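Take a look at the structure below.
Source: prediction; values computed, not measured. All values below were derived from every heavy atom in this structure, side-chain atoms included, with hydrogens, water molecules and symmetry-related copies excluded. This chain uses plain numbering: 1 for the first residue, then up along the sequence.
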Amino acid sequence: MVEKKKVCVIGAGVSGLAAAHAFRQRGHDVEIVERGYDLGGVWEPSRSYPDVQTQSPKDLYRYTSMPMPENYPEWPKGTQVHAYLKSYAEQNGLVPLIRYGTKVVSMQRRNGAKGWAVELETGDGTTVTGDFDFVAVCTGNFSEKRELVHPGQDTFVAAGGQVLHSSEYTDPATVRGKRVVVLGFSKSATDIAVNAVNSGAAAVTIVYLEPVWRIPYFIGGLINFKRILYVRAQEVMFPSWNQPLLARLAHAMAKPFVWANWRGLESLLSLQLKLKKTGLRPKVPIETSINCSVPIVTPGFFDMVADGRIKAIQGTIASYAKDTVVLSGGERVKADMAILAVGWKSGVPFLPEEYRRKLVEPDGQYRLYRVIANPDLPDMGFVGFNSSFCTVLSAELAANWLVRYADGKLGRQPTHQEMTDNIEMMLRWKRDERPAAGVYGGLCVAPYHFKHFDELLADIGATKRRRNVLAENFAPPNADAYAGYLNSAPDYRAA
């Protein structure tokens with residue numbers, strides 16, 4: 001018999017909602033702690049820059065039990081995603097479980113008992129402690145803003161300039177008539193640069209360290225990129241972990257064809273995106289850099305760089321002066337506003353130091369079995385840390401794996417030693433064989449979505465019925481099919 005647990009879910013974004021639903025489905029008592037005043041995480045409106053939209057099509061950015069509305073566009077806007085998440089929370093009875101405006105300050109193992117004592121701080125500064133049998137950390141990779149302060153920033157601001165993190169740029173009217181410098185080259189950076197042009201900025205400059213490969217929504221103007229990057233046939237072109245001998249031999253024999261495939265894609269992207277004309281063609285082979293940080297092309301960005309509406313300068317910000325941003329190459333750019341699209345910090349600052357050392361390696365790599373659990377952190381797991389192009393599905397599978405792991409109900413329940421050995425193997429593979437897998441602290445499963453999902457389903461004890469060969473190898477993940485796989489696993493409820 002599985003004993004009912006009191007579970008603390010930290011975060012009410014995509015992964016927190018998935019975790020809360022999974023634990024509640026199995027009969028556990030759930031409390032969701034959310035430091036903001038609305039659900040949605042990165043999709044919460046006060047954190048969203050104008051025109052933000054998904055990088056994944058709506059059929060790949062959904063929970064298995066709930067499709068996005070038919071009237072949504074293929075790549076929904078941020079407000080639509082937020083409305084979808086709110087509907088999911090309401091439909092599954094999760095809204096009453098959320099404690100808004102509540103921050104996790106610290107955690108300690110309970111004396112003489114399993115579980116954790118979690119110190120919480122409410123919006124008015126009141127501190128309370130809650131006792132929980134299990135904690136699901138669902139803060140993901142985008143919870144803490146990466147802050148940058150450069151010399152002369154106070155002078156720039158005193159003269160009327162503004163310096164914002166990308167998440168603070170929420171009103172396009174603020175750039176009208178202004179000279180804007182955007183630092184960064186992620187999708188958020190290019191989205192904001194294009195939005196600034198369209199919102200009437202007087203001048204827009206984007207400052208980047210290195211050009212990166214990025215993928216248009218339609219490759220060659222015709223093929224939806226999900227048919228290229230989200231299919232098994234493409235995934236098998238990447239050498240992966242724990243490959244049997246025959247698979248390694250097959251990959252070695254196919255190497256010339258795989259090489260030709262990537263060079264062809266590079267040529268097509270260079271032509272379609274005007275990479276040579278704009279001087280933004282990356283120097284690294286595309287296959288060495290495909291991971292969760294590969295951005296989707298912001299429509300209009302390369303055209304605006306080509307015709308001068310956006311000026312692209314390689315380098316970084318060195319300092320500020322009055323009405324000027326000084327770059328590392330010596331360029332001085334007149335500016336009224338600097339928007340820093342420099343990303344986010346991942347981490348678990350509320351964990352005691354002794355446990356943080358067990359969780360994170362000195363080089364920043366996370367020690368997580370299946371990117372979900374650490375054998376040396378009892379009564380705890382991580383949902384949404386298995387970042388991928390299929391964020392929602394990744395989080396939902398992780399949540400279903402985690403509740404069974406917590407209850408000892410995995411079809412393949414790993415021992416402490418098995419988890420430790422697997423973690424060490426994965427760390428070696430990321431460091432020695434696939435350095436691109438080290439981004440986000442090694443918490444990215446792209447481009448190995450199918451292999452990762454297969455491992456989770458096998459652990460859960462799900463029956464994965466094969467469709468047909470074409471669908472299995474040339475179609476993206478199907479959320480409805482994964483709903484069936486999850487439902488095929490042995491059922492149980494805590495009592």
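Under the salt bridge (charged side-chain N to carboxylate O under 4.0 Å, His left out) rule, Asp459 has a single partner from Arg370, Lys409, Arg404, which is Arg370. For the pairing with Asp407, the side chain to side chain donor-acceptor pair (under 3.5 Å) check across Arg493, Gln413, His28 returns one residue only, His28.
The environment of NZ in Lys114 is sparse: at most 12 heavy-atom neighbours from other residues, nucleotides or ligands sit within 6.0 Å. Surrounding CG of Asn71 are more than 12 heavy atoms belonging to other residues, nucleotides or ligands, all under 6.0 Å away. With a 6.0 Å radius and a threshold of 12 heavy atoms from other residues, nucleotides or ligands, Glu3 has its CD atom at or below the threshold. Enclosure of atom CG in Leu245 by more than 12 non-hydrogen atoms of other residues, nucleotides or ligands within 6.0 angstrom is indicated. Within 6.0 Å of the NZ atom in Lys77, the count of heavy atoms belonging to other residues, nucleotides or ligands exceeds 12.
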> Passes side chain to side chain donor-acceptor pair (under 3.5 Å), Thr129 versus Glu119? Steps please.
Replying inline: CA-CA 4 Å; Thr129 299; Glu119 185 181 1; 5.7 Å; no
> Should Trp116 and Phe350 be marked as a ring-ring contact (aromatic ring centres under 6.0 Å, His included) after you check the CA-CA gap, both sets of side-chain angles, and the distance that decides it?
Replying inline: CA-CA 12 Å; Trp116 297 84; Phe350 42 79; 9.7 Å; no
> Step by step, would you call Tyr369 with Asn374 a side chain to side chain donor-acceptor pair (under 3.5 Å)?
Replying inline: CA-CA 6 Å; Tyr369 179 75; Asn374 180 299; over 6 Å; no
>> Evaluate Phe23 against Phe134 for ring-ring contact (aromatic ring centres under 6.0 Å, His included), listing each step before the verdict.
In response: CA-CA 10 Å; Phe23 276 91; Phe134 196 88; 5.6 Å; yes
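In this structure, Arg214 forms a cation-pi arrangement with Phe185, its terminal cationic atom sitting closer than 6.0 Å to the ring centre and no more than 45° off the ring axis. Remark: Arg227 fails to qualify as a cation-pi partner of Phe474 under the 6.0 Å distance and 45° angle criteria applied to the six-membered ring. Relative to the ring axis of Trp241, Lys451 places its NZ or CZ within 45° and under 6.0 Å from the centre.
For Tyr88 and Tyr63, the gap between ring centers is short of 6.0 Å. If you look at Phe453 and Trp401, their ring centroids are not closer than 6.0 Å.
Taking OH of Tyr230 as the start and SG of Cys390 as the end, the distance is 5.5 Å to the nearest 0.5 Å. The distance from the OG1 atom of Thr391 to the CD atom of Glu396 is 13.0 Å, given to the nearest 0.5 Å. One distance of note links CD of Glu354 with CD of Gln108; it measures 7.5 Å at 0.5 Å rounding. A distance of 10.0 Å separates OG1 in Thr463 from CG in Leu457, rounded to the nearest 0.5 Å. Distance CG/Asn92 to NE2/His21: 4.0 Å, rounded to 0.5 Å.
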When the side chains of residues 282-291 are checked against the rest of the protein, which donor-acceptor pairs come out under 3.5 Å, sequence neighbours left out?
unit_1	atom_1	unit_2	atom_2	d
Glu287	OE1	Arg263	NH2	2.7
Glu287	OE2	Arg263	NH1	3.4
Glu287	OE2	Arg263	NH2	3.4
Thr288	OG1	Pro285	O	2.7
Ser289	OG	Ile286	O	3.1
Asn291	OD1	Ser293	N	2.8
Asn291	OD1	Ser293	OG	2.5
Asn291	ND2	Ala436	O	3.0

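A pairwise comparison of heavy atoms in His82 and Gly40 identifies CD2-CA, 4.4 Å as the closest pair. Nearest heavy atoms, Tyr208 versus Gly184: CB-O, 4.4 Å.
Qualifying salt bridge (Lys or Arg N to Asp or Glu O under 4.0 Å) partners for Arg110, counting only residues two or more places apart in sequence or in other chains: Asp133.
Under a 3.5 Å cut-off, the side chain of Arg356 and the backbone N or O of Pro349 do form a donor-acceptor pair. Side-chain atoms of Arg26 come within 3.5 Å of backbone atoms of Tyr492 as a donor-acceptor pair (strictly under, hydrogens ignored). Between the side chain of Gln53 and the backbone N or O of Gly78, no donor-acceptor pair lies under 3.5 Å.
Relative ring orientation between Tyr217 and Trp75 is described as tilted, the plane-to-plane angle lying within the 30° to 60° band. Ring pair Tyr448/Phe238 is perpendicular by interplanar angle, where above 60° counts as perpendicular and below 30° as parallel.
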